[in-house]
Amino acid sequence: MPELPEVENIRIGLEKYLKGHSIKSVEVLNRRIFQGDEKKLIDAKFESAERFGKMIAINFNNGFSLLAHVKLTGQFIYRGPNLPNPPELSVKVTDGLGGKHTHVVFHLNRGGVLYYNDIRKFGWIKVVETKKLKNEAVSKLGPEPLKDLTLNLFTKTLSSSKRAVKVILMDQSKISGIGNIYANDALWLSQIAPTRSSQSLSEKEIKTLYKAIKKVLREGLKQGGASELAFVTPDGTEGKYQDHTLVYGREGELCKRCKKAKIKKIFLSGRGTYFCPNCQYD
DNA sequence: TGATATGTTATCTT
DNA sequence: CAAGATAACATATC
């Protein structure tokens, strides 16, 4: 759900709203979600927010960072002086600003507050030394599809596995940031069946898919992400990509391209997989 | 009431 | 043994 475009929108929001703030205190309401010593952050000044795949690093000026993964339902929400006229909160967070779904509250100087909410509690935040960020899970990530993934590298990745191409796209150690929504949409756009063995793709298909991945991710970014479960940006509003998905979540609807067949849903590695049986080829 | 959803990791199976 | 499939995690929603 929160995939590259959603997490990137969270990063952009954090960068914007945390600017100029330092941390006054941290209220940890759930120790499983917040790991490490929050005292390391007291009086630390915000420096930058980075994204690694679906992970976010918030860097401070004292050598420490917060590394976070929102998994399915985590939300960072900011209220304070850097957002003087906050938009109305999405219904997806009304229960969670200091409510039962709030697990960490960062009190900032100048009166800002950053909440971490998580309905399902799969997400986590941990305090790490900035210079050790790369040793964390970050080191296991594959290349960023919008930055480091060359066609050459992509071709090598696909041709080295027999697994279904969709499973490869979602494998974070192969390519970082792609999840179920954008994997389904990129394959639809490429007219490739998600069940195809990745090594069976022709050179031409690989090139088409390579471009399609970039296209759907950029579209997701532009729409502010997809708010399927609980995703909201740090101002508390929803993204719009869920209204523009090409095939994801459209089981039973007529295919937008060929208009001849209904979108079928199957399970691939236990994940919902949507495709047009008429114009996505085996 | 219970099946279902997503990301990741641990564990089971072939 | 390794690749691949599936269960588990926690909870709201349909």
Side-chain angles (χ1 to χ4, degrees), chain A residues 1-11 29-35 51-56 67-76 90-97 99-104 116-126 136-142 144-145 157-187 194-200 216-217 220 225-232 238-239 241-242 245 247-252 263-274:
Chain A
M1 174 84 357
E3 307 177 30
L4 188 153
E6 289 75 31
V7 179
E8 179 63 14
N9 275 293
I10 293 173
R11 189 198 68 78
L29 307 168
N30 185 320
R31 267 297 152 191
R32 208 182 50 222
I33 289 175
F34 190 98
Q35 301 154 19
R51 183 186 56 75
F52 303 99
K54 299 175 191 172
M55 281 178 258
I56 301 169
L67 184 65
H69 198 309
V70 302
K71 292 286 179 83
L72 305 175
T73 55
Q75 311 173 321
F76 278 106
S90 153
V91 292
K92 290 174 175 166
V93 297
T94 45
D95 198 36
L97 273 201
K100 65 173 177 173
H101 296 128
T102 298
H103 306 301
V104 187
Y116 179 74
N117 300 328
D118 198 335
I119 292 174
R120 298 275 288 280
K121 296 188 272 199
F122 283 5
W124 47 259
I125 304 174
K126 50 183 156 187
E136 292 288 326
V138 167
S139 65
K140 295 181 189 128
L141 294 173
E144 285 283 333
T157 300
L158 292 183
S159 53
S160 67
S161 175
K162 288 180 186 160
R163 300 160 79 194
V165 57
K166 175 170 177 261
V167 175
I168 300 295
L169 294 186
M170 293 171 65
D171 185 334
Q172 301 304 296
S173 69
K174 302 271 194 293
I175 304 165
S176 60
I178 301 174
N180 209 20
I181 296 177
Y182 298 98
N184 275 295
D185 276 9
L187 286 162
T195 46
R196 283 273 293 281
S197 162
S198 78
Q199 65 178 13
S200 78
V216 296
L217 290 177
S227 295
E228 257 255 315
L229 277 179
F231 170 74
V232 292
E238 295 183 35
Y241 188 78
Q242 68 277 13
T245 60
V247 73
Y248 177 83
R250 300 198 179 276
E251 182 185 16
I263 299 304
K264 213 174 152 188
K265 182 187 183 187
I266 58 167
F267 283 91
L268 196 58
S269 290
R271 293 293 169 237
T273 301
Y274 304 84

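The sequence lines fix the lettering, A, B, ..., with proteins before strands; numbering per chain opens at 1. Values below: all heavy atoms of this structure, side chains included; hydrogens, waters and symmetry mates excluded.
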Just say parallel, tilted or perpendicular for the rings of A/Tyr248 and A/Tyr274, cut-offs at 30° and 60°. perpendicular
At less than 4.0 Å, is any side-chain N or O atom of [X] found next to OP1 or OP2 of [N]? Yes or no.
{"X": "A/Gln172", "N": "B/dG7", "answer": "no"}
{"X": "A/Lys71", "N": "B/dT6", "answer": "no"}
{"X": "A/His69", "N": "B/dT8", "answer": "yes"}
{"X": "A/His101", "N": "C/dA12", "answer": "yes"}

Nearest whole Å is fine: how far is [N] [atom2] from [X] [atom1]?
{"X": "A/Arg32", "N": "C/dA8", "atom1": "CZ", "atom2": "C1'", "value": "13 Å"}
{"X": "A/Met170", "N": "B/dT8", "atom1": "CE", "atom2": "P", "value": "8 Å"}
{"X": "A/Leu72", "N": "B/dT4", "atom1": "CG", "atom2": "P", "value": "17 Å"}
{"X": "A/Ile10", "N": "B/dG7", "atom1": "CD1", "atom2": "C1'", "value": "13 Å"}
{"X": "A/Asn117", "N": "C/dA12", "atom1": "CG", "atom2": "C1'", "value": "15 Å"}
{"X": "A/Lys162", "N": "C/dA2", "atom1": "NZ", "atom2": "P", "value": "15 Å"}
{"X": "A/Ile168", "N": "C/dA3", "atom1": "CD1", "atom2": "P", "value": "11 Å"}
{"X": "A/Asn180", "N": "B/dT4", "atom1": "CG", "atom2": "C1'", "value": "13 Å"}

Smallest separation among heavy atoms of A/Pro194 and A/Leu268, with atom names: O-CD2, 3.6 Å
Taking all heavy atoms of A/Phe231 and all of A/Glu6, pick out the closest pair and write down the distance. CE1-O, 3.3 Å
By centroid distance (under 5.5 Å) and plane angle (under 30°), are A/Phe122 and C/dC9 in a stacked arrangement? yes
Would you measure the distance from the [atom1] atom in [N] across to the matching atom in [M] and give it in whole Å?
{"N": "C/dT6", "M": "B/dT4", "atom1": "P", "answer": "14 Å"}
{"N": "C/dC14", "M": "B/dT6", "atom1": "P", "answer": "15 Å"}
{"N": "C/dC1", "M": "B/dT9", "atom1": "P", "answer": "24 Å"}

Which nucleotide, C/dT11, B/dG7, B/dT8, lies nearest any side-chain atom of A/Lys121? C/dT11
Given C/dA12, C/dT6, B/dA5, which nucleotide is nearest the side-chain atoms of A/Ile119? C/dA12
A/Arg271 (side chain) and B/dT8 (base): donor-acceptor pair under 3.5 Å: yes
Using Watson-Crick geometry (N1-N3 plus N6-O4 or O6-N4) or G-U wobble (N1-O2, O6-N3), each under 3.5 Å, B/dT6 is paired with none
Quick one: are A/Met55 and A/Leu141 in side-chain contact, heavy atoms under 4.5 Å? yes
Determine yes or no for a side-chain-to-main-chain donor-acceptor pair under 3.5 angstrom, with A/Arg250 supplying the side chain and A/Thr245 the backbone. yes
Have A/Tyr241 and A/Asp185 got a donor and an acceptor in their side chains that come within less than 3.5 Å? yes
For a quick check of understanding: with a heavy-atom distance under 4.0 Å over all strands, which category does A/Gly123 fall into, base, sugar-phosphate or nothing? nothing
